[in-house]
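Please read the structure below before turning to the comments.
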Amino acid sequence: MTIPGDEIFSYSPNREIENAAKVNALEALLINKGVFSSSSVDKILEYFEKRMGPFNGAKLVAKAWVDPEFKQLLINDCNAACSQLNMPTGMSGAEGEIMRVAENSPSVHNLIICTLCSCYPWPTLGLPPYWFKDPTFRARAAREPREVLSEFGLELDDSIEIRVWDSSGQIRWWVLPERPEGTDSLSEEELAKLITPEAMMGVAKVKT
Amino acid sequence: MYTNFEEYAVSSLTGGCSNLPKVNGKLNFESEWSQKAFAIAIELSRQGYFEMEEFRQMMIKSIRKWENEHGLDDESWSYYSIWIAVLESLIYGRKILEKSDVTQLVAETFHCKNSSMPT
């Protein structure tokens, strides 16, 4: 199998139109050949929209905040915790085989990256945002995480240790953020609404 | 949901980009074609034509190659252009489709568009 060569990476001013035409042609021919049905693409996208997304991660975090035993399970065996809440742990190898959670604390802040490409825990966080795949982000977050977090608007005291977790084909990391103060009276459902994908990536904190 | 945040992040990290790709209120997909390219790869993998891990390894090699040949802030970067290149490589390599059929259909699409353009 060859790796795409230089001609693929040449930057054409019509790239958007050409890519759109090519993808449409691929889909049309796959349907024509009977490999796909006319609804295959929509079904996949719907699955990622409704079944695999940051709403799953938010539920897991909220439960972990109110249930110490579940929190321990989430940290020890994230996929088992997903199964307990009847969540998808993967989809035909779609990035969720082994997920691991890094817990934030007053003295440790965790950040997830993927220096290789864009490995990401799809079942719990959905699809990665555009900037997660950007070469600059991938390189700089590994090299100077404190500065990058500061540019994201997250200023961390020098006394807080920053741990950077580099996801791979084997392990997809995500972050268990700290429960914000003043949320004792909130229900699990209300807590889940506070939790953003950014907080579970470690580029933000959970705010009330 | 987090469009503003993503715009801020991309602008900050790439040193400013005047034309941020944005569809459906967020930047997860750069465009409709990237969304479709993503789904095609997942569906082919789901059907067993290739493993996602194989796809991922090819992405890693292709991204590394791109990065070796371009500056980190090169605005020609397009994750999903690389995705399509890898997808095509697997589709033709596994004989799922013939490259000539795809090339022909793309050419016909352009011919149609050009023909319908006012002169």
Side-chain angles (χ1 to χ4, degrees), chain A residues 1-6 8-11 15-30 33 35-36 40-45 47-48 54 91-95 116-119 126-131 133-137 139-140 148 151-153 169 196-198 203-204, chain B residues 2 5-6 8-10 12-14 21 26-28 30-33 35-40 42-47 51-53 56-63 65-67 69 72-73 76-82 84-91 93 96-97 101-102 105-106 109-110:
Chain A
M1 189 66 60
T2 56
I3 294 303
D6 292 339
I8 303 289
F9 299 138
S10 59
Y11 183 37
R15 186 175 65 189
E16 288 293 306
I17 298 167
E18 289 163 5
N19 281 345
K22 191 171 279 179
V23 172
N24 285 337
L26 289 173
E27 186 193 21
L29 290 167
L30 286 167
K33 208 177 167 185
V35 178
F36 281 11
S40 293
V41 163
D42 287 343
K43 278 184 185 162
I44 292 289
L45 293 174
Y47 184 89
F48 276 88
M91 177 181 168
S92 187
E95 306 260 335
L116 289 174
C117 54
S118 63
C119 298
L127 298 172
Y130 176 73
W131 51 264
K133 297 171 286 201
D134 184 274
T136 313
F137 172 77
R140 284 193 58 214
V148 169
E151 288 168 25
F152 272 65
T196 63
E198 293 82 29
V203 295
Chain B
Y2 39 93
F5 170 80
E6 288 180 347
Y8 166 74
V10 173
S12 302
L13 293 170
T14 59
K26 52 185 180 179
L27 295 168
N28 285 10
E30 296 153 44
S31 57
E32 198 177 320
W33 62 260
Q35 201 170 25
K36 198 176 274 188
F38 167 81
I40 290 172
I42 299 295
E43 178 62 10
L44 287 174
S45 160
R46 202 182 66 82
Q47 291 194 25
E51 295 288 332
M52 269 320 279
E53 179 57 21
R56 198 183 74 85
Q57 289 301 331
M58 289 179 70
M59 283 295 291
I60 290 169
K61 284 180 189 163
S62 299
I63 288 171
K65 180 174 168 57
W66 190 93
E67 288 179 347
E69 295 169 3
L72 282 179
D73 57 353
S76 71
W77 162 256
S78 163
Y79 179 84
Y80 276 103
S81 287
I82 296 177
I84 289 178
V86 169
L87 179 62
E88 279 189 288
S89 180
L90 280 163
I91 284 176
I96 305 167
L97 294 174
D101 292 342
V102 177
L105 189 52
V106 170
T109 306
F110 279 114

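From a predicted model like this one, the values you see are computed outputs, not experimental measurements. All chains are named by letter (A, B, ...) in the order of the sequence lines, taking the proteins before the strands, and each is independently numbered beginning at 1.
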Subject >> Selection from Val106(B), Leu97(B), Asp101(B) maximising heavy-atom pairs under 4.5 Å formed with chain A >> reply: Leu97(B)
Original post:
Taking C-beta and beyond as the side chain, do Arg15(A) and Ser78(B) meet within less than 4.5 Å on heavy atoms?
Top reply: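 Yes; the side chains approach each other to less than 4.5 Å.
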Original post:
Would you say the side chain of Asp42(A) lies within less than 4.5 Å of the side chain of Tyr47(A), judging by non-hydrogen atoms?
Top reply: no
Given that the side chain runs from C-beta out, which part of [X] has a heavy atom under 4.5 Å from chain A: side chain, backbone, both or neither?
| X | value |
| --- | --- |
| Leu87(B) | side chain |
| Ile91(B) | side chain |
| Glu67(B) | side chain |
| Ile84(B) | side chain |

Subject >> Ala20(A) portion near chain B, given a 4.5 angstrom heavy-atom threshold >> reply: both
Do the side chains of [X] and [Y] get close enough for a salt bridge, i.e. N-O under 4.0 angstrom?
| X | Y | answer |
| --- | --- | --- |
| Glu53(B) | Arg56(B) | yes |
| Lys22(A) | Glu88(B) | yes |
| Glu151(A) | Arg140(A) | yes |

